[in-house]
Amino acid sequence: MPPIPDVATVGDALSVVVPTWSDGAREVKTAVCWVRRDLRASDHRALAEATRAARQVAVVFVYDTTILGELNDRADKRVTFIHRSLDDLDLALKGRLLTAIGDPCAVIPKLAHELGAEAVFANHDDDPYALRRDARVKEELAKDGRELRTFKDHVVFERAEVATAGGTPFRVYTPYARAWRAQLSARDVEACVPDLEKVGAPTTQSARAGNHTLSDVGFQEATIWLAPGSTGAKSRLDSFLARIGDYGSLRDDADTDGTSGLSVHLRHGTLSVRECVRACLGAEGEGSSKWLAELIWREFFHMVLSQMPWVVNEPFQPAYHDVDWPGSQEHFERWREGQTGYPLVDAAMRCLNETGWMHNRLRMVVAMFLTKDLLVDYRKGEVHFAEKLLDFELSSNNGGWQWCASTGADAQPWFRIFNPVTQSRRACPKGDFIRRWCPELRDCDDEQVHWPHKSGLFAGQGYVAPIVDHAVQREKALAFHKAVNRR
DNA sequence: TGAAGTTTTCA
DNA sequence: GAAAACTTC
C-alpha cells in the first residue's frame, strides 16, 4: 500500500508527496526565523515562508553551546567558517541579523516571548540530535501558545518522499536514483524567495544585533581555504558551472580541481541545493548528469539516516552487528597520521588533517584501506572524519564509510577491494598531489611515486616502510568477510 | 564507483 | 605474446 499523502498533492502526475511551498502561510504579526544549517538569505524556504506569513521577521542564529562544547580544537575550522558566513549573512540582511550564544532550547522560546512572536520558522534538520532539540523547542514554545513551523529545505526530497512502490525505503542507490529522477519536477526546485524588506532587527535581551566575535563564542580564528558565506558559494558555483562539462572526466583526478568543491556550502546551507539542481537541469552534457548523480547520493544517505536512524550506531547490514574487527589501534593511528607507507593514502590523510578537506575519490581509497587492508572498525575512521572534515555531514559520512566497509546500504560486495597502488596510478596519474603532501617523495618520478619501496632508492629519505602487504591483507579481508557472511 | 587469476582470441 | 573475455572472490 502506498502511503497516504498527508499534504496537498500537486496536480502533476510525476509528483507523489510534494508539499506546495505555501503551506506555512497562516498569517501572524511577528515571526522569528531561526537559521541553523541554512546560512543564506536567498532561496531560503523558512525565511520565505516567514516573510510571507508575518508582517515582521527577526532572523536569528544561536551558537549552540551543546554542540560547540564537544569540539576539542579551539581553532576549529568549521566554527570559523560558520562565523564568517554569518558576517556574510548579516551583510545580506543589511545588518539585521540577530545572534545569541547558549542552549537554543532556552534561547529561542525566550526570544519569541520577548518579541511577542506567534511563530518560529525553521528548516528541517534530521540529524538525531537536531530532532531532539527541535522537539524540545517546540514543546517549550507550545507552553506559551507559540508555534514552531518547520520546512523541507536541505534536500530536494526528504525523509520518505522517495520510496519504493510498496512504500518502504529504498535500500540500494541505483533504483532510488531512478525514482528520484522520475519524481523530479520543476516545482520541486523552484526558488523560495524571501521578502527581505520585512526583516527587522529589534532590540532584545536574549540576542544581540549583528554577529558575536569569535572570542565571545570561545574560539579562535582558524585558517580556511575557501571563501565563506553565500558570497563564497555563489562564486564557487559559477566557476564550477563554467567547467561542469569536464566534470565527468576530471572528477576522479586528485591532481586537478575537477570536483564541484561545494560540499562545505551545501553542508552549512550557504548554497541552496535547489539552485544546484536548477543549474544541473539547465546545463548540457554528461557532466551535469554525473554531478546530479552525486547530489542524489547525498539525498539517498539523508533518506537512509532519517528512515533508519540506527545506522548511526550499527552497521546497516545485520550480518555485521556484533562483529569484532581485528584491526589494531597501532594500525589505526598510523592511518590517521598518514604514516602507512602507501603514498596516496598518506598524502590524502595528511591533506585532511591539515586542511579539513579530502577529494571524494580519495575518501573512498583511504576508507577502503582502513577497513579492508587494516580491518579496523569503520566507526573509528568515521569519527576521525567527523572531527576533521569541514563539510562533515552525519548522513553522508556514515553512508560513505559503511559503503566502503561493505556494511552499508547499497553495500559494496565485500569481495570488492581497492588496490591502493592501482588506485594511485588512476586517481593521481601525475603524482603531483602525492609529492605535495609527502615531501619525502618529492624526487620520485611519475611511476616511483606510487610505490617507491621496490626501488630501494628512497630508503634513506625518511619515507615510512609499508605497514602491511596489500596482497596478504586482501586475503585476510576476504576470509574475514566470508566468515561474517556465512554466520 | 574492483582486482586478480585464468582462458580465449587474434595477430 | 598481447589484449580481450571470462571467472572468482
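Everything numeric here is computed off the predicted structure, so don't read it as measured data. Residue numbers begin at 1 in each chain, while the letters A, B, ... track the order of the sequences.
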Item to complete: Find out whether Tyr378(A) and Gln402(A) are in side-chain contact, i.e. whether some heavy atom of one side chain is under 4.5 Å from a heavy atom of the other.
Response: yes

Item to complete: Answer yes if the side chains of His265(A) and Arg236(A) hold a donor-acceptor pair under 3.5 Å, and no otherwise.
Response: no

Worksheet item: Given pairs defined as Watson-Crick or G-U wobble with both distances under 3.5 Å, what dot-bracket annotation applies to DNA chain B, with ( ) intrastrand, [ ] crossing, | other strand and . unpaired?
Response: .|||||||||.

Worksheet entry | Flag side-chain contact, heavy atom, 4.5 Å: Trp297(A) against Asn360(A) | no

Worksheet item: Under 3.5 Å, is there a donor-acceptor pair between the His154(A) and Arg298(A) side chains?
Response: yes

Worksheet, complete the sentence: Applied to residues 467-487 of chain A, the salt bridge (Lys or Arg N to Asp or Glu O under 4.0 Å) test, sequence neighbours excluded, yields none

Discussion item. Please determine whether side chain to side chain contact (heavy atoms under 4.5 Å, CB included) holds for the pair Glu382(A) and Phe385(A), giving the CA-CA distance in whole Å, both sets of side-chain angles, and the decisive distance to 0.1 Å.
Written reply: CA-CA 5 Å; Glu382(A) 184 188 356; Phe385(A) 271 28; 5.9 Å; no

Detail all sub-3.5 Å separations between protein N/O atoms and N/O atoms belonging to nucleotides 1-5 of chain B.
unit_1 : atom_1 : unit_2    : atom_2 : d
dT1(B) : O2     : Arg361(A) : NH1    : 2.7
dT1(B) : O4     : Trp297(A) : NE1    : 3.4
dG2(B) : OP2    : Arg416(A) : NE     : 3.3
dG2(B) : OP2    : Arg416(A) : NH1    : 2.5
dG2(B) : O3'    : Gln423(A) : NE2    : 3.4
dG2(B) : N2     : Phe415(A) : O      : 2.9
dA3(B) : OP1    : Asn419(A) : N      : 3.4
dA3(B) : OP1    : Gln423(A) : NE2    : 2.9
dA3(B) : OP2    : Arg426(A) : NH1    : 2.9
dA3(B) : OP2    : Arg426(A) : NH2    : 2.9
dA4(B) : OP1    : Asn419(A) : ND2    : 2.8

Item to complete: Check Leu89(A), Asp38(A), Ile82(A) against Phe61(A) for a side chain to side chain contact (heavy atoms under 4.5 Å, CB included) and give me the one that passes.
Response: Ile82(A)

